[in-house]
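Read through the structure below, which is laid out as structure tokens, and then see the notes.
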Amino acid sequence: MIEQYQRLDKRVQKWLFNQGWPDLREIQKQAIPPILAGDRDVLISASTAAGKTEAFFLPACSAIAEEKHGFGILYISPLKALINDQYRRLESLCEMLDMQVTPWHGDSLQSKKKKARSNPSGILLITPESLESLLVREAGWVKQSFTPLKYIVIDEFHAFIGTERGQQLLSLLTRLEHITNRISNPIPRVALSATLGELEKVPLSLRPNKSLPCETITSSKHQSTIKVQVKGYLEPVNITANDSRPLAEQQICQEIFRLCRGDSHLVFANSRSRTESIAAQLCDLCEQHVVPNEFFPHHGSLAKELREDLEARLQKETLPTTAICTMTLELGIDIGKVNSVLQVTAPHSVSSLRQRLGRSGRRNSPSILRILISENELSDKSNLVDGLRLELVQSLAMIRLLIVSNWFEPADTEQMHLSTFLHQILAVIAQWGSVRADQLYSLLCQQGTFKEISIQHFKQLLTHMGTVRLIQQLNSGELVLGLEGERITNSYTFYAVFKTPEEFRIVSGSKMLGTLPVDSLILKDQHIIFGGRRWKVTDIDDDKKVIYVTSTKGGKPPKFNGSGMSIHDKVRQEMLNIYRTGDYRIEAGNQKIDFVDNIGRQLFQEGAYFFKEADLEKNPIYQNGKHCYIFPWMGDKVVNTLTILLIRSGFVCNSFGGVIEINNSNADDIKNSLLDIAKHGIPNETELAKILSIQQKLIEKYDDYLPENLLTEGYGRKAFDSTAARQWILSNLT
DNA sequence: GACCTGCTGCGGGGTG
């Protein structure tokens, strides 16, 4: 058998030799034949730093080495920072091949774009938004320079699946194949991705019309050792609060200081506000111990400069550095590996926990994960929900799903993405000038990715878009942009399909620290924590949207806003499983491994006790005085559905953390009401969504241009699951 | 009690 290595271009082989790598990794060898074949899609799925990028580029560059006119490879990334990283990594290889590489995004140099525009060739590194802008504004040039394309490669593909942005990306790819006459002879797509749940479903997300086969390559290498520990903390509740910080959080900060100082770590704190609070406390601790600060915050509202300083410091590995961060350090930005990962408060999903864990584990040392959870001390005012220690048990369930079941959340691919569909209708009309309705439907829904949109939906939407002047129909029947459509598509803000809130900039002297949402209610003279430091607000300019600050002591982190994240059925079911058996330990051979510390174990025992006392295994509805609680142990879609069914029947209730609270009610009434609904026909998702006001259903960027019935249907699908809710009622309340 | 991402073309001013 020919060594796969020999099939690469001679200059690529030479480059490999110069790198001094002992051998190609397993996935890199496996990827060579299907990439060189160039007649199929390829999914390369492996953890961070497993060499996925090279697995694609080594053979792909070999295949396009002789092409001189037009782009050979289109690389698409969700992040500008990742494009810059890849550009640096590709430079030496492409120099060897005398191949042009062009980074193309909002911040990349005009000179580089100009050069590529007059002489398109080699590799183009781009974001979906920049690709959208090219299609809308320079379709003629795109047709010319993209026709020779041999590969389209998408990095961090998991970050796109099931999202508005992912839907736009797939639609862009179809439009690209259409404009280059490649619909019947499709351009191979390669997806690079972290390990995904339900891998076999991913090819359908990469090419919904299945016009090319897909080969999947996964790293067979056994996972390195994982060390996990959960630690519990107790928050006293009856202390009269003068504005001091929560005691448990102070203890957690001391623990982080003790564990992390002197090495490099990542601390995931789940919210920007908590990230800031912890970073500032750690900075204070450094000051108290008279040592240089090595703890810095990293989140989406922080100025790019501050973030990049921290990323560079982590990557250099010369100074010990701990980043307190949100999911901004979860994706593939090149920061090297850290000694360990800490998670403060329960993770939001098993898949993100897995991504986070993958950031640790240096040079054959194990991946280390510590989860720090605080729960409130119980008092006579506490109720069952406090006693169950839900956050702790959710963390335990997620660890078990990650390690024992090797399971993580699959993406929700059943959504209609109406906001993005409307965007794509406008984009296609802007691109062509005018287009017939049947051409639009064929391109976007039949060949394209909007499979959940029926002809009826489409007609209704076009009619409504006419009414609100987004589009108009010519006598010939062709559709063109209307006044409002012209206005929207002419603005540079058109290219992104996701919504961003209006923000203030925070400025100290001449330095921009970051941004805050306009509704975070900051007042003059207020003390705030931002960028891990303490500031006093000196002035607020409402017109220019600037908050001026100066350095000070004291203060609290500001409020940021955001929508909640939903928990999957499987996580809540695993929680139920842990409560039922009273055991969270992990079996290894014939012993059971306990990975929880003493306080955590006591908290868990309390939770298990409350579960038993309330007899929740047999009775999911618990009566507490005048109020009732339902514990469905199901994901948020089912919880939402049960909640809205009860509201519809006249109960006053709300849900949080998977538990439904019903005021002034009685368990039998609730039970009978739900059983009655389940037996006499449960309303479908759209009917349930009708109960909510329009305002409550406006979520995505272009939702306010949708006709009300489509908005309602799209929202219903996203929020509710009538079938699963009915199933739950019938099997748990009878 | 709550995450993240991105986009243009041009005019004005400063610097080499």
Side-chain angles (χ1 to χ4, degrees), chain A residues 76-84 104-108 110 113-114 126-138 154-169 172 246 268-277 297-302 304 307 325-333 343-349 351-353 355-356 374 376 385-386 390-391 394 420 423 427 430 488-501 503 514-515 517 519-520 557-567 636 654-659 661 699-701:
Chain A
I76 301 173
S77 151
L79 301 176
K80 292 185 286 191
L82 211 53
I83 288 179
N84 299 341
W104 190 300
H105 56 69
D107 301 337
S108 56
Q110 283 296 331
K113 292 186 185 173
K114 229 176 224 168
I126 201 166
T127 59
E129 289 73 18
S130 284
L131 185 57
E132 180 74 81
S133 117
L134 286 179
L135 273 171
V136 169
R137 315 174 78 92
E138 304 181 52
I154 307 164
D155 207 350
E156 304 281 356
F157 188 59
H158 57 275
F160 285 113
I161 302 177
T163 66
E164 298 298 319
R165 214 175 168 209
Q167 199 69 7
Q168 176 191 28
L169 171 62
L172 284 166
F268 288 95
N270 279 0
S271 79
R272 286 170 287 186
S273 186
R274 194 179 294 110
T275 297
E276 287 289 358
S277 170
H298 193 283
H299 57 75
S301 297
L302 209 58
K304 204 175 119 190
R307 289 163 62 169
C325 56
T326 59
M327 64 174 285
T328 44
L329 288 182
E330 206 175 284
L331 279 180
I333 304 174
Q343 167 76 46
V344 182
T345 69
H348 292 305
S349 72
S351 49
S352 97
L353 184 63
Q355 282 274 99
R356 292 171 181 190
S374 82
N376 287 335
V385 182
D386 297 312
L390 290 166
E391 187 162 353
Q394 183 180 316
T420 300
H423 175 273
I488 294 180
T489 55
N490 276 333
S491 161
Y492 75 96
T493 55
F494 174 65
Y495 306 113
V497 294
F498 51 88
K499 194 171 177 170
T500 35
E503 291 173 322
T515 59
D519 43 6
S520 50
K559 277 201 163 140
F560 295 85
N561 291 294
S563 57
M565 276 167 270
S566 60
I567 302 284
D636 286 341
N654 61 69
S655 65
F656 178 67
V659 182
E661 184 183 30
I699 312 282
E700 301 297 342
K701 188 172 176 190

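Since the structure is predicted, the reported quantities are computational estimates derived from the model, not experimental observations. Below, chain A is the first sequence line, B the second, and so on; all start at residue 1.
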message = Can you confirm whether A/T127 sits close enough to A/K80 that some side-chain heavy atom of one is under 4.5 Å from a side-chain heavy atom of the other?
response = yes
request  = Could you say whether the aromatic ring of A/F498 and the base of B/dT5 stack, counting only centre distances under 5.5 Å and plane angles under 30°?
outcome  = yes
message = If only side-chain N and O atoms count, and only distance matters, is there a donor-acceptor pair under 3.5 Å linking A/T328 with A/H298?
response = yes
message = OP1 or OP2 of B/dT8 versus the side-chain N and O atoms of A/S133: is any pair under 4.0 Å?
response = yes
inquiry  = What is the separation between atom CD1 on A/I333 and atom C1' on B/dT5, rounded to the nearest whole Å?
reply    = 11 Å
key: Listed nucleotide nearest any side-chain atom of A/T326, set B/dT5, B/dC3, B/dG6   = B/dC3
Nucleotide nearest A/T493 (side chain, heavy atoms from C-beta), chosen from B/dG1, B/dC7, B/dC4 = B/dC7
ask   = At under 4.0 Å, does any side-chain N or O of A/K559 touch on OP1 or OP2 of B/dG1?
value = no
message = Ring centres within less than 5.5 Å and planes less than 30° apart: is that true of A/Y492 and B/dT8 in this structure?
response = yes
task = State whether a side-chain donor-acceptor pair under 3.5 Å links A/E164 with A/T420.
result = yes
ask   = Using a cut-off of less than 4.0 Å, is there contact between a side-chain N or O of A/S491 and OP1 or OP2 of B/dC7?
value = no
request  = Quickly, which of A/D155, A/L169, A/L172 forms a side chain to side chain contact (heavy atoms under 4.5 Å, CB included) with A/I76? Name it, please.
outcome  = A/L169
query = Is there a donor-acceptor contact under 3.5 Å linking the side chains of A/S271 and A/S273?
reply = no
ask   = Just to confirm, is there a sub-4.0 Å distance from OP1 or OP2 of B/dG6 to any side-chain nitrogen or oxygen of A/R165?
value = no
key: B/S/- contact track for nucleotides 9-16 of chain B, protein heavy atom under 4.0 Å   = S-------
